[in-house]
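The next block holds one structure in the form of structure tokens; read it before the comments.
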Amino acid sequence: MADSFVNIAKIPELRKRILFTIMMLGIYRVGIFVPTPGISAEAVQKIVSQGTVFEIFNLFSGGALAQFSVFALGIMPYISSSIILQLLTVVVPSIERLSKEGESGRKKITQYTRYGTVVLSLIQGFGISYGLKQQGAVLPGVPDWQFYLTTMVTLAAGTAFLMWLGEMISERGIGNGISLIIFAGIVTRIPVGFRDAWSIKEQFAGFFGFIVLVAFIGFIIGAIIFMERAQRRIPVQYAKRVVGNKMYGGQSSHLPLKVNTAGVIPPIFASSIIMFPATIAQFVKSGPLQAIASALSQGWVHTALYAGLIIFFAYFYTAVTFNPVDVADNMKKFGGFIPGIRPGKNTSDYIDRVLTRVTLGGALYVAGICVLPEFLIRQFGIPSSLAYTFGGTSLMIVVGVAMDTLAQIESHLLTRHYEGFLGAKAGGRFRGRRT
């Protein structure tokens, strides 16, 4: 593996992509500490420390919410806009046709997603600015209208810049830019999490309790890697065909169905859906809205809703990205068939039935991992900041994004005839979720 990292420096294109990605993420980290005008940072930090929704939001934004920087909204408005567009793709025929028009249709949907991101950022910016004004977190002497307008424009501009930053990383860097921005925000909180775990070790059997916590984190990481690489293989047989003077086919293969086809998308989508109304409601001094914010931010209602949304988005995203009918048609076109299953509709129905069962296991695994922090907080008294830093959602995003990025780096190495990270003696190449 050490040789593989050395080989990265030997490929100019890959070296430039990695350096570009690091530079863009460095710019993102610098922007975390650029404050929004007219805000008392101490008052905002007190408000953020009061509720678990803010802790999750602050974790995904890399601490930008606690600083109330220009990146306080993070990339979540972009994710919410993407969710809305994907839902509209399923229910609105015109947008569905647009999504099937190839590159031009994809660019048009991307443009709509950008517009939606700006609109959602302005709405969230106004809600947060109004709530901060109600909570007394605004510096004295700042007019209301000026504060509202400045906060809305500043936060929307910060989110738009992050959206551009993510697209630049995806185009000119390595890995998925949006996922890497969330990844960078979570990773920077991990050292603070270890420091907090060490500071409270006396509450949990001292040094031995700290070692148990580290071992538990390692176990969760191992379980995530195992499940992310798990797949259900459907055997496929190709019939022999004679083309000219040559015979093709007659070989056996398999169709791999990932246990977790959707990857880290379901918890990110579910978090974004829950955070949007909960964040707005938490800032407004109203009895019913405060009750909604409390229900959405903690307790069994939050846990059940979060798990349900994860399961829903696991099935939804799998249905969007994997079409059994197209797979069956392509298989039939090249003379492939599943033993014991007739080609065509019977094959697509069989694949869909297997995929539904496999996705159920993957959705339950993702939901179980992501609600793990709630269990740790209630049953073992782990501080919420520590539980969410090393909890299921954050670790799953970190591990998943790291696997995807390593898989892309390895593909560059293999195309240049270099060995992958595992090497030939270790049994082949490293496989991410999308490999």
Side-chain angles (χ1 to χ4, degrees), residues 86 89-90 99-100 176 179 221-239 249-270 307-370 392-393 396-397 399-408 410-411 414 420 422 427-435:
Q86 290 190 5
T89 302
V90 178
S99 65
K100 297 180 179 179
N176 182 280
S179 298
I221 293 176
I224 292 174
I225 294 175
F226 176 80
M227 292 299 296
E228 292 298 327
R229 299 181 63 182
Q231 57 184 226
R232 165 73 156 85
R233 296 183 175 184
I234 298 178
V236 178
Q237 183 72 33
Y238 287 91
Q251 64 205 30
S252 297
S253 182
H254 65 270
L255 175 66
L257 300 180
K258 299 287 294 182
V259 172
N260 182 24
T261 305
V264 298
I265 298 299
I268 294 177
F269 278 14
L309 286 174
I310 288 174
I311 294 174
F312 168 76
F313 281 118
Y315 275 99
F316 172 77
Y317 197 77
T318 300
V320 170
T321 58
F322 190 94
N323 191 341
V325 177
D326 292 342
V327 173
D329 290 342
N330 291 331
M331 192 184 302
K332 182 179 180 180
K333 184 185 303 182
F334 291 98
F337 63 93
I338 300 174
I341 306 296
R342 294 178 61 86
K345 186 177 183 304
N346 291 342
T347 298
S348 63
D349 292 342
Y350 176 78
I351 295 174
D352 183 66
R353 185 165 61 252
V354 174
L355 183 64
T356 300
R357 296 175 180 176
V358 170
T359 304
L360 177 61
L364 293 177
Y365 139 73
V366 176
I369 289 291
C370 292
T393 306
M396 186 175 176
I397 292 174
V399 173
V401 174
M403 291 176 62
D404 286 345
T405 306
L406 286 177
Q408 289 195 24
E410 187 179 54
S411 67
L414 294 176
L422 297 182
R429 56 183 302 189
F430 180 87
R431 290 178 173 82
R433 288 196 315 274
R434 297 186 179 88
T435 303

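I310 and A363 make their closest contact through CG2-O, 4.3 Å (heavy atoms, listed as atom of the first residue, atom of the second, distance). Here the closest heavy-atom approach between residue L364 and residue I311 is recorded as CD2-CD1, 4.0 Å. Pairing each heavy atom of P339 with each of P235, the nearest pair is CD-O, 3.5 Å. What you find for F337 and P343 is that their closest heavy atoms are CB-CG, 4.3 Å. Shown here for C370 and P267, the closest heavy-atom pair between the two residues is SG-CB, 3.6 Å.
Using a 4.5 Å heavy-atom cutoff, the side chains of N346 and Y350 are not in contact. Side-chain contact between M331 and V327: present, with at least one pair of heavy atoms (C-beta onward) separated by less than 4.5 Å. Using a 4.5 Å heavy-atom cutoff, the side chains of M227 and N260 are not in contact. Between V320 and T89, every side-chain heavy-atom pair lies at or beyond the 4.5 Å cut-off. Between I351 and T347 there is a side-chain heavy-atom pair separated by less than 4.5 Å.
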Evaluate I234 against V354 for side chain to side chain contact (heavy atoms under 4.5 Å, CB included), listing each step before the verdict. CA-CA 9 Å; I234 298 178; V354 174; 4.1 Å; yes
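Using a 30° and 60° split on the angle between ring planes, F312 and F316 fall in the parallel class, below 30°.
A distance of 9.0 Å separates OG in S348 from CG in N323, rounded to the nearest 0.5 Å. In this structure, M403 CE and E410 CD are separated by 11.0 Å, a value rounded to the nearest 0.5 Å.
Formation of a donor-acceptor pair under 3.5 Å by the T359 side chain with backbone atoms of T356 is not found in this model.
Listed by first and then second residue, the salt bridge (Lys or Arg N to Asp or Glu O under 4.0 Å) pairs that reach into residues 349-370 are K345-D349, sequence neighbours excluded.
With Q231 as the partner, the side chain to side chain donor-acceptor pair (under 3.5 Å) test is satisfied by one option alone out of E228, R233, R229: R233.
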